[in-house]
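Accompanying notes for the structure given below.
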Amino acid sequence: MASRLEQDLSCPICCELFRDPVVLSCSHSFCKVCLENWWKDKPLKTCPVCKSKISMDPSLSLTLKNLVETFTEERRQTSPSPAQPECSLHSEKLRLFCEDHQDLVCLVCRDSRTHKDHSFTPIEEAAQELREQLRRDLTPVQENFLTLSDVSPQVLARSRAQLESSEAHITAQARRAQTQIRAQFEKLHQFLREEEESRMKALREEEEQKTQRMKDMMAAVSRDMEAVSQSVSETEELLRAADASFLLQYKTAAKRLQQRPLVEDMGPGALIDQAKHLGNLGFNIWRNMKSLVQFYPVILDPNTAGPRMILSEDLSSVRGGREEQEVPQNPERREYNEVLGSERFVSGTHSWDVEVGENQRWYVGVTEFVQGRDVTEEREWYIEFYDGDYSACSPSDDKPLSVEKLQRVRVKLDFGSKTLTFTDPDTNTDHTVTGFISEGLTPYLHTSQDVPLKILPRNITVTVEPTALCFSP
(Lines give C-alpha, C1' and ligand atoms only; values in the text may rest on other atoms or scores of the structure.)
Protein backbone atom coordinates (compact mmCIF):
# COMPACT_ATOMS: atom_id res chain seq x y z
CA MET A 1 0.00 0.00 0.00
CA ALA A 2 1.42 3.38 -0.97
CA SER A 3 2.22 5.76 1.87
CA ARG A 4 0.31 8.99 2.33
CA LEU A 5 3.40 10.95 1.23
CA GLU A 6 3.72 8.85 -1.93
CA GLN A 7 0.05 9.41 -2.71
CA ASP A 8 0.49 13.15 -2.28
CA LEU A 9 3.47 13.08 -4.64
CA SER A 10 1.62 11.05 -7.31
CA CYS A 11 -0.15 12.36 -10.40
CA PRO A 12 -3.97 11.82 -10.26
CA ILE A 13 -3.94 10.83 -13.94
CA CYS A 14 -1.12 8.27 -14.25
CA CYS A 15 -1.01 7.47 -10.50
CA GLU A 16 2.79 7.49 -10.54
CA LEU A 17 5.25 9.90 -8.96
CA PHE A 18 5.18 13.29 -10.65
CA ARG A 19 7.35 13.80 -13.74
CA ASP A 20 7.86 17.49 -14.60
CA PRO A 21 4.97 18.48 -12.30
CA VAL A 22 2.86 21.51 -13.18
CA VAL A 23 0.27 23.24 -11.01
CA LEU A 24 -3.06 24.68 -12.18
CA SER A 25 -4.83 27.78 -10.93
CA CYS A 26 -7.13 25.54 -8.89
CA SER A 27 -4.02 24.27 -7.01
CA HIS A 28 -4.18 20.70 -8.40
CA SER A 29 -0.95 19.29 -9.79
CA PHE A 30 -0.26 16.83 -12.63
CA CYS A 31 2.56 15.50 -14.77
CA LYS A 32 3.09 17.88 -17.66
CA VAL A 33 2.74 15.14 -20.29
CA CYS A 34 -0.31 13.61 -18.57
CA LEU A 35 -2.09 16.97 -18.52
CA GLU A 36 -1.25 17.68 -22.17
CA ASN A 37 -2.59 14.26 -23.20
CA TRP A 38 -5.71 14.78 -21.07
CA TRP A 39 -6.46 18.11 -22.76
CA LYS A 40 -5.74 16.79 -26.22
CA ASP A 41 -8.76 17.14 -28.56
CA LYS A 42 -10.82 18.75 -25.78
CA PRO A 43 -12.40 22.07 -26.78
CA LEU A 44 -12.35 23.39 -23.21
CA LYS A 45 -9.50 23.07 -20.73
CA THR A 46 -10.75 21.95 -17.31
CA CYS A 47 -9.06 20.44 -14.27
CA PRO A 48 -9.26 16.61 -14.49
CA VAL A 49 -10.05 16.48 -10.76
CA CYS A 50 -12.37 19.38 -9.88
CA LYS A 51 -13.54 20.27 -13.43
CA SER A 52 -12.71 23.96 -12.91
CA LYS A 53 -12.20 25.95 -16.11
CA ILE A 54 -8.50 26.74 -16.67
CA SER A 55 -7.74 30.00 -18.43
CA MET A 56 -4.01 30.33 -17.57
CA ASP A 57 -1.23 28.03 -18.74
CA PRO A 58 0.01 25.66 -16.01
CA SER A 59 3.27 26.59 -14.35
CA LEU A 60 6.13 24.24 -13.53
CA SER A 61 6.33 23.40 -9.80
CA LEU A 62 10.03 23.25 -8.90
CA THR A 63 9.21 22.64 -5.24
CA LEU A 64 7.11 19.60 -6.04
CA LYS A 65 9.75 18.32 -8.47
CA ASN A 66 12.46 18.58 -5.78
CA LEU A 67 10.24 16.79 -3.27
CA VAL A 68 9.70 13.92 -5.69
CA GLU A 69 13.43 13.60 -6.37
CA THR A 70 14.22 13.63 -2.65
CA PHE A 71 11.52 11.06 -1.89
CA THR A 72 12.72 8.78 -4.71
CA GLU A 73 16.34 8.89 -3.51
CA GLU A 74 15.42 8.20 0.12
CA ARG A 75 13.19 5.30 -0.86
CA ARG A 76 15.94 3.81 -3.04
CA GLN A 77 18.41 3.95 -0.16
CA THR A 78 16.08 2.57 2.51
CA SER A 79 14.09 -0.01 0.55
CA PRO A 80 15.60 -3.52 0.56
CA SER A 81 15.97 -5.24 -2.77
CA PRO A 82 13.06 -7.62 -3.33
CA ALA A 83 13.91 -11.30 -3.09
CA GLN A 84 13.96 -13.11 -6.41
CA PRO A 85 11.11 -15.69 -6.39
CA GLU A 86 11.99 -19.34 -6.99
CA CYS A 87 10.40 -22.01 -9.17
CA SER A 88 8.15 -24.31 -7.14
CA LEU A 89 9.15 -27.29 -9.33
CA HIS A 90 12.92 -26.86 -9.61
CA SER A 91 13.84 -24.45 -6.79
CA GLU A 92 15.66 -22.28 -9.34
CA LYS A 93 15.39 -18.51 -9.65
CA LEU A 94 12.53 -17.35 -11.91
CA ARG A 95 14.49 -15.43 -14.53
CA LEU A 96 12.29 -15.68 -17.64
CA PHE A 97 8.73 -14.85 -18.65
CA CYS A 98 6.94 -17.38 -20.89
CA GLU A 99 4.91 -15.34 -23.38
CA ASP A 100 2.79 -18.35 -24.38
CA HIS A 101 1.76 -19.22 -20.82
CA GLN A 102 2.03 -15.64 -19.54
CA ASP A 103 3.90 -16.93 -16.50
CA LEU A 104 7.34 -16.79 -14.83
CA VAL A 105 9.67 -19.76 -15.41
CA CYS A 106 13.19 -20.81 -14.50
CA LEU A 107 15.96 -21.94 -16.87
CA VAL A 108 15.06 -25.60 -16.26
CA CYS A 109 11.40 -24.94 -17.13
CA ARG A 110 12.50 -23.33 -20.39
CA ASP A 111 14.10 -26.58 -21.57
CA SER A 112 11.19 -28.80 -20.48
CA ARG A 113 8.49 -30.29 -22.72
CA THR A 114 5.89 -28.10 -21.09
CA HIS A 115 7.43 -25.02 -22.67
CA LYS A 116 8.72 -26.54 -25.90
CA ASP A 117 8.88 -24.03 -28.77
CA HIS A 118 7.59 -21.25 -26.51
CA SER A 119 8.84 -17.66 -26.58
CA PHE A 120 10.67 -16.30 -23.55
CA THR A 121 11.63 -12.81 -22.43
CA PRO A 122 13.78 -11.64 -19.48
CA ILE A 123 11.50 -10.62 -16.66
CA GLU A 124 12.74 -7.03 -16.71
CA GLU A 125 11.81 -6.59 -20.36
CA ALA A 126 8.51 -8.45 -19.96
CA ALA A 127 7.59 -6.42 -16.89
CA GLN A 128 8.35 -3.16 -18.68
CA GLU A 129 6.34 -4.13 -21.76
CA LEU A 130 3.32 -5.47 -19.87
CA ARG A 131 3.47 -2.62 -17.37
CA GLU A 132 3.09 -0.22 -20.28
CA GLN A 133 0.27 -2.34 -21.70
CA LEU A 134 -1.56 -2.37 -18.38
CA ARG A 135 -0.98 1.37 -18.06
CA ARG A 136 -2.56 1.87 -21.50
CA ASP A 137 -5.51 -0.32 -20.46
CA LEU A 138 -5.85 1.61 -17.22
CA THR A 139 -5.92 5.05 -18.87
CA PRO A 140 -9.43 4.77 -20.44
CA VAL A 141 -10.73 3.24 -17.21
CA GLN A 142 -9.29 6.15 -15.23
CA GLU A 143 -10.73 8.66 -17.67
CA ASN A 144 -14.10 6.92 -17.56
CA PHE A 145 -14.00 6.75 -13.78
CA LEU A 146 -13.07 10.42 -13.46
CA THR A 147 -15.98 11.20 -15.75
CA LEU A 148 -18.25 8.92 -13.72
CA SER A 149 -17.04 10.61 -10.56
CA ASP A 150 -18.41 13.85 -11.93
CA VAL A 151 -21.57 12.58 -13.64
CA SER A 152 -22.51 9.32 -11.97
CA PRO A 153 -23.79 10.81 -8.70
CA GLN A 154 -26.44 12.63 -10.74
CA VAL A 155 -27.17 9.55 -12.83
CA LEU A 156 -27.24 7.41 -9.70
CA ALA A 157 -29.54 9.90 -7.98
CA ARG A 158 -31.96 9.88 -10.91
CA SER A 159 -31.83 6.09 -11.12
CA ARG A 160 -32.40 5.74 -7.38
CA ALA A 161 -35.24 8.27 -7.45
CA GLN A 162 -36.93 6.33 -10.25
CA LEU A 163 -36.52 3.04 -8.40
CA GLU A 164 -37.80 4.57 -5.16
CA SER A 165 -40.78 6.03 -7.02
CA SER A 166 -41.48 2.63 -8.57
CA GLU A 167 -41.19 0.97 -5.17
CA ALA A 168 -43.69 3.45 -3.74
CA HIS A 169 -46.00 2.86 -6.71
CA ILE A 170 -45.81 -0.90 -6.18
CA THR A 171 -46.66 -0.44 -2.52
CA ALA A 172 -49.59 1.86 -3.44
CA GLN A 173 -50.81 -0.71 -5.98
CA ALA A 174 -50.65 -3.38 -3.32
CA ARG A 175 -52.56 -1.22 -0.84
CA ARG A 176 -55.29 -0.44 -3.38
CA ALA A 177 -55.52 -4.09 -4.36
CA GLN A 178 -55.85 -5.10 -0.72
CA THR A 179 -58.73 -2.66 -0.24
CA GLN A 180 -60.59 -4.00 -3.28
CA ILE A 181 -59.95 -7.61 -2.37
CA ARG A 182 -61.39 -7.06 1.11
CA ALA A 183 -64.44 -5.26 -0.35
CA GLN A 184 -65.14 -8.30 -2.54
CA PHE A 185 -64.76 -10.71 0.31
CA GLU A 186 -67.19 -8.78 2.52
CA LYS A 187 -69.94 -9.90 0.13
CA LEU A 188 -69.14 -13.56 0.61
CA HIS A 189 -69.73 -15.98 3.48
CA GLN A 190 -67.35 -16.53 6.36
CA PHE A 191 -66.24 -19.92 5.07
CA LEU A 192 -64.54 -18.15 2.13
CA ARG A 193 -62.00 -16.47 4.41
CA GLU A 194 -59.46 -19.18 3.67
CA GLU A 195 -59.61 -18.30 -0.03
CA GLU A 196 -59.15 -14.63 0.84
CA GLU A 197 -56.05 -15.35 2.89
CA SER A 198 -54.63 -17.44 0.06
CA ARG A 199 -54.95 -14.57 -2.40
CA MET A 200 -53.64 -12.03 0.08
CA LYS A 201 -50.59 -14.22 0.62
CA ALA A 202 -49.90 -14.30 -3.11
CA LEU A 203 -50.19 -10.52 -3.28
CA ARG A 204 -47.90 -10.06 -0.28
CA GLU A 205 -45.32 -12.41 -1.75
CA GLU A 206 -45.35 -10.53 -5.06
CA GLU A 207 -45.09 -7.20 -3.27
CA GLU A 208 -42.18 -8.45 -1.16
CA GLN A 209 -40.48 -9.97 -4.19
CA LYS A 210 -40.81 -6.88 -6.38
CA THR A 211 -40.01 -4.32 -3.70
CA GLN A 212 -36.97 -6.43 -2.77
CA ARG A 213 -35.96 -6.46 -6.42
CA MET A 214 -36.01 -2.66 -6.44
CA LYS A 215 -33.88 -2.61 -3.27
CA ASP A 216 -31.47 -5.14 -4.81
CA MET A 217 -31.17 -3.07 -7.99
CA MET A 218 -30.46 0.07 -5.96
CA ALA A 219 -27.83 -1.81 -3.99
CA ALA A 220 -26.34 -3.21 -7.21
CA VAL A 221 -25.89 0.29 -8.63
CA SER A 222 -23.97 1.31 -5.51
CA ARG A 223 -21.89 -1.88 -5.54
CA ASP A 224 -20.94 -1.38 -9.19
CA MET A 225 -19.54 2.07 -8.42
CA GLU A 226 -17.61 0.71 -5.43
CA ALA A 227 -16.26 -2.16 -7.53
CA VAL A 228 -14.90 0.21 -10.19
CA SER A 229 -13.25 2.35 -7.53
CA GLN A 230 -11.73 -0.71 -5.87
CA SER A 231 -10.48 -2.07 -9.21
CA VAL A 232 -8.75 1.21 -10.07
CA SER A 233 -7.13 1.41 -6.62
CA GLU A 234 -5.86 -2.17 -6.76
CA THR A 235 -4.46 -1.69 -10.28
CA GLU A 236 -2.73 1.53 -9.26
CA GLU A 237 -1.12 -0.30 -6.37
CA LEU A 238 -0.04 -3.18 -8.64
CA LEU A 239 1.69 -0.80 -11.06
CA ARG A 240 4.01 0.22 -8.24
CA ALA A 241 4.88 -3.39 -7.33
CA ALA A 242 8.17 -5.14 -8.06
CA ASP A 243 8.52 -6.70 -11.51
CA ALA A 244 8.12 -10.32 -10.48
CA SER A 245 5.23 -9.57 -8.15
CA PHE A 246 3.66 -7.45 -10.86
CA LEU A 247 3.94 -10.21 -13.45
CA LEU A 248 2.48 -12.82 -11.11
CA GLN A 249 -0.65 -10.68 -10.66
CA TYR A 250 -0.81 -9.19 -14.16
CA LYS A 251 -3.38 -11.57 -15.66
CA THR A 252 -5.80 -11.09 -12.77
CA ALA A 253 -5.42 -7.31 -12.94
CA ALA A 254 -5.90 -7.19 -16.70
CA LYS A 255 -9.03 -9.35 -16.48
CA ARG A 256 -10.39 -7.19 -13.66
CA LEU A 257 -10.07 -4.07 -15.80
CA GLN A 258 -12.28 -5.60 -18.49
CA GLN A 259 -15.24 -5.62 -16.13
CA ARG A 260 -17.69 -2.79 -16.55
CA PRO A 261 -20.49 -1.66 -14.23
CA LEU A 262 -23.95 -2.66 -15.33
CA VAL A 263 -26.81 -0.11 -15.16
CA GLU A 264 -29.94 -2.04 -14.83
CA ASP A 265 -33.37 -0.85 -15.78
CA MET A 266 -36.66 -2.17 -14.45
CA GLY A 267 -37.45 -4.42 -17.38
CA PRO A 268 -40.93 -5.79 -18.17
CA GLY A 269 -43.09 -7.13 -15.36
CA ALA A 270 -41.47 -5.03 -12.62
CA LEU A 271 -44.77 -3.72 -11.22
CA ILE A 272 -47.51 -5.51 -9.29
CA ASP A 273 -49.59 -7.60 -11.69
CA GLN A 274 -52.93 -6.17 -10.65
CA ALA A 275 -54.78 -7.94 -13.44
CA LYS A 276 -53.68 -11.30 -12.02
CA HIS A 277 -54.87 -10.46 -8.52
CA LEU A 278 -58.05 -8.55 -9.36
CA GLY A 279 -59.19 -9.81 -12.76
CA ASN A 280 -62.37 -11.89 -12.50
CA LEU A 281 -61.65 -12.19 -8.79
CA GLY A 282 -65.15 -12.75 -7.50
CA PHE A 283 -66.00 -15.09 -10.37
CA ASN A 284 -62.99 -17.28 -9.68
CA ILE A 285 -63.65 -17.32 -5.92
CA TRP A 286 -67.26 -18.36 -6.00
CA ARG A 287 -68.73 -19.29 -9.35
CA ASN A 288 -72.14 -20.26 -7.96
CA MET A 289 -72.78 -16.88 -6.37
CA LYS A 290 -73.53 -15.10 -9.64
CA SER A 291 -75.78 -12.57 -7.91
CA LEU A 292 -72.72 -11.27 -6.05
CA VAL A 293 -70.14 -11.41 -8.81
CA GLN A 294 -69.69 -10.23 -12.37
CA PHE A 295 -67.55 -11.65 -15.15
CA TYR A 296 -65.74 -9.28 -17.52
CA PRO A 297 -64.42 -10.85 -20.74
CA VAL A 298 -61.66 -8.22 -20.85
CA ILE A 299 -59.74 -6.86 -17.89
CA LEU A 300 -57.89 -3.60 -18.48
CA ASP A 301 -54.22 -3.53 -17.49
CA PRO A 302 -53.35 -0.40 -15.43
CA ASN A 303 -49.64 -0.98 -16.09
CA THR A 304 -50.31 -0.09 -19.76
CA ALA A 305 -52.52 2.97 -19.14
CA GLY A 306 -51.26 6.35 -20.40
CA PRO A 307 -50.52 8.99 -17.75
CA ARG A 308 -53.90 10.70 -18.28
CA MET A 309 -55.99 7.52 -18.18
CA ILE A 310 -58.11 6.85 -15.07
CA LEU A 311 -59.27 3.26 -14.54
CA SER A 312 -62.11 2.05 -12.35
CA GLU A 313 -61.28 0.00 -9.27
CA ASP A 314 -62.47 -3.24 -10.87
CA LEU A 315 -60.40 -2.48 -14.04
CA SER A 316 -63.47 -2.65 -16.30
CA SER A 317 -63.74 1.01 -17.43
CA VAL A 318 -61.51 3.93 -18.30
CA ARG A 319 -61.85 7.66 -18.81
CA GLY A 320 -59.53 10.49 -19.74
CA GLY A 321 -58.25 12.85 -17.07
CA ARG A 322 -57.20 16.48 -17.40
CA GLU A 323 -53.77 16.15 -15.82
CA GLU A 324 -51.02 13.59 -16.14
CA GLN A 325 -50.55 11.27 -13.19
CA GLU A 326 -47.15 10.34 -11.81
CA VAL A 327 -46.71 6.75 -12.96
CA PRO A 328 -43.58 4.66 -13.53
CA GLN A 329 -42.33 4.61 -17.12
CA ASN A 330 -42.31 0.82 -17.29
CA PRO A 331 -41.91 -0.77 -20.74
CA GLU A 332 -45.58 -1.77 -20.98
CA ARG A 333 -46.87 1.77 -20.41
CA ARG A 334 -48.60 3.53 -23.36
CA GLU A 335 -47.57 7.07 -24.15
CA TYR A 336 -50.94 8.48 -25.20
CA ASN A 337 -54.57 8.32 -23.97
CA GLU A 338 -54.71 4.56 -24.36
CA VAL A 339 -54.99 1.41 -22.31
CA LEU A 340 -54.67 -2.25 -23.29
CA GLY A 341 -56.39 -5.35 -22.07
CA SER A 342 -54.46 -7.63 -19.75
CA GLU A 343 -54.66 -10.62 -22.11
CA ARG A 344 -53.25 -11.22 -25.58
CA PHE A 345 -55.47 -13.46 -27.69
CA VAL A 346 -53.69 -15.86 -30.06
CA SER A 347 -56.33 -18.47 -30.92
CA GLY A 348 -60.00 -19.37 -30.60
CA THR A 349 -63.01 -17.06 -30.58
CA HIS A 350 -63.36 -14.06 -28.28
CA SER A 351 -65.85 -11.21 -27.97
CA TRP A 352 -66.58 -8.30 -25.66
CA ASP A 353 -68.95 -5.33 -25.57
CA VAL A 354 -67.78 -1.79 -24.87
CA GLU A 355 -70.28 0.85 -23.74
CA VAL A 356 -69.30 4.20 -25.29
CA GLY A 357 -72.43 6.13 -24.21
CA GLU A 358 -72.16 9.89 -24.73
CA ASN A 359 -68.39 9.90 -25.15
CA GLN A 360 -67.58 12.16 -28.12
CA ARG A 361 -64.06 10.91 -28.94
CA TRP A 362 -63.03 7.27 -28.70
CA TYR A 363 -61.35 4.31 -30.39
CA VAL A 364 -62.42 0.73 -29.64
CA GLY A 365 -60.55 -2.21 -31.15
CA VAL A 366 -57.47 -4.37 -31.00
CA THR A 367 -53.75 -3.92 -31.49
CA GLU A 368 -51.05 -6.31 -32.66
CA PHE A 369 -47.31 -6.19 -32.01
CA VAL A 370 -45.07 -7.81 -34.62
CA GLN A 371 -41.38 -8.17 -33.81
CA GLY A 372 -39.29 -7.20 -36.81
CA ARG A 373 -35.56 -7.48 -37.40
CA ASP A 374 -34.75 -4.11 -35.83
CA VAL A 375 -37.99 -2.70 -34.37
CA THR A 376 -41.34 -3.81 -33.08
CA GLU A 377 -44.15 -2.85 -35.44
CA GLU A 378 -47.63 -2.12 -34.11
CA ARG A 379 -50.81 -2.53 -36.16
CA GLU A 380 -54.28 -1.50 -35.04
CA TRP A 381 -57.85 -2.25 -36.07
CA TYR A 382 -60.57 -0.14 -34.46
CA ILE A 383 -63.83 1.78 -34.75
CA GLU A 384 -63.29 5.50 -34.30
CA PHE A 385 -65.75 8.24 -33.34
CA TYR A 386 -64.33 11.74 -33.86
CA ASP A 387 -66.04 15.09 -34.55
CA GLY A 388 -69.39 13.35 -35.00
CA ASP A 389 -68.14 10.91 -37.66
CA TYR A 390 -67.58 7.16 -37.46
CA SER A 391 -64.72 5.37 -39.24
CA ALA A 392 -63.41 1.84 -39.48
CA CYS A 393 -59.62 1.99 -39.34
CA SER A 394 -57.04 -0.67 -40.18
CA PRO A 395 -53.33 -0.72 -41.06
CA SER A 396 -54.20 -0.54 -44.77
CA ASP A 397 -57.00 2.06 -44.90
CA ASP A 398 -59.64 4.12 -43.11
CA LYS A 399 -63.27 3.89 -44.22
CA PRO A 400 -66.11 6.18 -43.14
CA LEU A 401 -69.11 4.35 -41.66
CA SER A 402 -72.72 5.30 -42.10
CA VAL A 403 -74.27 4.13 -38.85
CA GLU A 404 -76.75 5.37 -36.31
CA LYS A 405 -75.41 6.74 -33.04
CA LEU A 406 -73.57 3.96 -31.27
CA GLN A 407 -74.08 3.31 -27.58
CA ARG A 408 -72.17 0.04 -27.56
CA VAL A 409 -69.57 -1.65 -29.75
CA ARG A 410 -69.13 -5.42 -29.84
CA VAL A 411 -65.69 -6.69 -30.80
CA LYS A 412 -65.44 -10.31 -31.96
CA LEU A 413 -62.25 -12.17 -32.86
CA ASP A 414 -62.32 -15.47 -34.74
CA PHE A 415 -58.84 -16.84 -35.26
CA GLY A 416 -60.23 -19.86 -37.11
CA SER A 417 -61.66 -17.78 -39.98
CA LYS A 418 -59.18 -14.93 -39.41
CA THR A 419 -61.97 -12.40 -39.07
CA LEU A 420 -62.41 -9.41 -36.82
CA THR A 421 -65.95 -8.07 -36.56
CA PHE A 422 -67.20 -4.80 -35.07
CA THR A 423 -70.94 -4.87 -34.38
CA ASP A 424 -73.62 -2.47 -33.17
CA PRO A 425 -75.49 -4.84 -30.80
CA ASP A 426 -78.62 -2.68 -30.95
CA THR A 427 -78.99 -2.98 -34.75
CA ASN A 428 -76.82 -6.04 -35.47
CA THR A 429 -74.90 -4.00 -38.04
CA ASP A 430 -71.49 -5.58 -38.75
CA HIS A 431 -68.21 -4.35 -40.14
CA THR A 432 -65.86 -7.28 -40.77
CA VAL A 433 -62.13 -7.28 -41.39
CA THR A 434 -60.66 -10.47 -42.88
CA GLY A 435 -57.15 -11.82 -43.28
CA PHE A 436 -55.50 -10.20 -40.26
CA ILE A 437 -52.10 -11.55 -39.18
CA SER A 438 -52.82 -13.76 -36.19
CA GLU A 439 -49.65 -13.37 -34.13
CA GLY A 440 -51.73 -12.21 -31.20
CA LEU A 441 -54.24 -9.41 -30.68
CA THR A 442 -54.79 -7.33 -27.54
CA PRO A 443 -57.94 -5.30 -26.69
CA TYR A 444 -57.37 -1.59 -27.10
CA LEU A 445 -59.26 1.51 -25.87
CA HIS A 446 -58.53 5.18 -26.47
CA THR A 447 -60.32 8.27 -25.17
CA SER A 448 -59.50 11.77 -23.99
CA GLN A 449 -63.03 12.37 -22.69
CA ASP A 450 -64.21 12.32 -19.09
CA VAL A 451 -67.13 10.02 -20.08
CA PRO A 452 -65.88 6.46 -19.41
CA LEU A 453 -65.61 3.60 -21.87
CA LYS A 454 -66.92 0.52 -20.09
CA ILE A 455 -66.27 -3.16 -20.69
CA LEU A 456 -69.71 -4.68 -20.09
CA PRO A 457 -70.03 -7.75 -17.86
CA ARG A 458 -71.04 -11.02 -19.45
CA ASN A 459 -74.21 -12.79 -18.33
CA ILE A 460 -73.35 -16.10 -16.71
CA THR A 461 -75.48 -19.20 -17.26
CA VAL A 462 -74.90 -22.07 -14.85
CA THR A 463 -76.32 -25.58 -15.26
CA VAL A 464 -75.75 -28.65 -13.13
CA GLU A 465 -75.29 -31.98 -14.86
CA PRO A 466 -74.98 -35.37 -13.17
CA THR A 467 -71.21 -35.54 -13.65
CA ALA A 468 -70.10 -31.91 -13.64
CA LEU A 469 -70.88 -28.29 -12.97
CA CYS A 470 -71.12 -26.50 -16.31
CA PHE A 471 -71.17 -22.78 -16.82
CA SER A 472 -70.84 -20.50 -19.83
CA PRO A 473 -70.57 -16.73 -20.21
Side-chain angles (χ1 to χ4, degrees), residues 202 206 266-281 283-284 287 294-306 309 311 314-318 330-336 338-354 362-384 392-397 408-423 425 430-446 453-460 470-473:
E206 184 175 1
M266 285 192 296
L271 306 180
I272 293 291
D273 191 347
Q274 290 177 274
K276 179 184 71 176
H277 293 287
L278 303 178
N280 298 326
L281 179 61
F283 178 79
N284 291 328
R287 295 178 179 179
Q294 290 180 314
F295 171 73
Y296 294 95
V298 167
I299 299 298
L300 303 179
D301 185 353
N303 294 342
T304 69
M309 304 301 279
L311 274 64
D314 61 2
L315 309 180
S316 67
S317 69
V318 61
N330 50 299
E332 305 94 333
R333 182 119 9 231
R334 307 287 285 189
E335 182 179 357
Y336 303 106
E338 304 167 347
V339 65
L340 302 183
S342 62
E343 186 174 357
R344 178 170 173 262
F345 301 122
V346 297
S347 62
T349 301
H350 309 272
S351 68
W352 59 94
D353 290 356
V354 180
W362 50 262
Y363 304 165
V364 172
V366 295
T367 185
E368 176 186 44
F369 300 93
V370 180
Q371 183 66 50
R373 178 176 299 179
D374 300 318
V375 296
T376 299
E377 180 184 357
E378 181 178 358
R379 293 194 281 261
E380 297 171 345
W381 293 262
Y382 55 87
I383 295 291
E384 173 188 10
C393 303
S394 69
S396 59
D397 60 3
R408 295 181 295 158
V409 176
R410 176 169 298 159
V411 184
K412 183 177 180 180
L413 286 173
D414 189 338
F415 283 86
S417 62
K418 294 187 179 300
T419 59
L420 167 64
T421 304
F422 296 104
T423 304
D430 292 345
H431 174 75
T432 301
V433 178
T434 59
F436 63 82
I437 299 175
S438 58
E439 293 190 13
L441 297 173
T442 303
Y444 162 79
L445 297 178
H446 170 107
L453 303 180
K454 300 178 180 179
I455 305 294
L456 296 179
R458 183 71 52 80
N459 293 328
I460 303 299
C470 301
F471 61 94
S472 59

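What you see is a predicted model; the values in this text were computed from it and never measured. Quick note: residue numbers are just sequence positions, from 1.
Rounding to the nearest 0.5 Å gives a distance of 7.0 Å between NE2 of His431 and OG of Ser394. Rounding to the nearest 0.5 Å gives a distance of 7.5 Å between CG of Leu311 and OG1 of Thr304. Atom CG in Asp353 sits 14.0 Å away from atom NZ in Lys454 (nearest 0.5 Å). Distance check: Thr419 OG1 to Lys412 NZ gives 7.5 Å after rounding to the nearest 0.5 Å. In this structure, the separation between OG on Ser342 and CG on Leu315 is 8.0 Å, given to the nearest 0.5 Å. Note: Phe345 CZ to Asp414 CG = 13.0 Å, rounded to the nearest 0.5 Å.
By the 30° and 60° cut-offs, the orientation of the rings of Tyr382 relative to Tyr444 is tilted.
Of all heavy-atom pairs spanning Ile455 and Pro297, the tightest one is CG2-CD, 4.3 Å. Heavy atoms only, all atoms of each residue included: Gly365 and Phe422 are closest at CA-CE2, 3.8 Å. Nearest heavy-atom pair, Pro268 versus Pro331, reported as atom, atom and distance to 0.1 Å: N-CG, 3.8 Å. Residues Val339 and Asp301 share a closest heavy-atom pair of CG2-O, 3.6 Å. When all heavy atoms are compared, the tightest approach of Tyr336 to Met309 is O-CG, 4.4 Å. Gly341 approaches Val298 most closely through the heavy-atom pair CA-CG1, 4.2 Å.
At least one donor-acceptor pair closer than 3.5 Å links the side chain of Asn303 to the backbone N or O of Ile272. Between the side chain of Arg408 and the backbone N or O of Leu456, no donor-acceptor pair lies under 3.5 Å. Although no hydrogens or angles enter the test, the distance criterion places a donor-acceptor pair under 3.5 Å between the side chain of Glu332 and the main chain of Gly269. Using modelled atom types, no side-chain atom of Thr367 and backbone atom of Glu380 make a donor-acceptor pair closer than 3.5 Å. Put simply, the side chain of Arg333 gets close to the backbone of Ala305: a donor and an acceptor are under 3.5 Å apart.
For the pair Glu338 and Tyr363, the minimum side-chain heavy-atom distance is 4.5 Å or more. Between Trp352 and Pro443, the closest side-chain pair of non-hydrogen atoms falls below 4.5 Å. In this structure the side chain of Trp362 reaches within 4.5 angstrom of the side chain of Ile383, judged on heavy atoms. Residues Arg379 and Ser396 have side chains not in contact (no heavy-atom distance under 4.5 Å, counting atoms from C-beta outward). The closest side-chain heavy-atom distance from Val354 to Leu445 is below 4.5 Å. Contact annotation: the side chain of Thr442 never approaches that of Val366 to less than 4.5 Å [non-hydrogen atoms, C-beta and beyond]. Looking at Asn280 and Phe295, their side chains come closer than 4.5 Å, going by heavy atoms from C-beta outward.
Salt bridge absent: Arg344 and Glu368 never bring a charged side-chain N and a carboxylate O closer than 4.0 Å.
Residues satisfying the side-chain contact (heavy atoms from CB on, under 4.5 Å) test with Ser316, not counting sequence neighbours, are Tyr296, Ser312, Asp314. Lys276 is linked by a side chain to side chain donor-acceptor pair (under 3.5 Å) to Glu206, counting only residues two or more places apart in sequence or in another chain.
Between the side chains of Thr423 and Thr421, no donor-acceptor pair is found at a separation under 3.5 Å.
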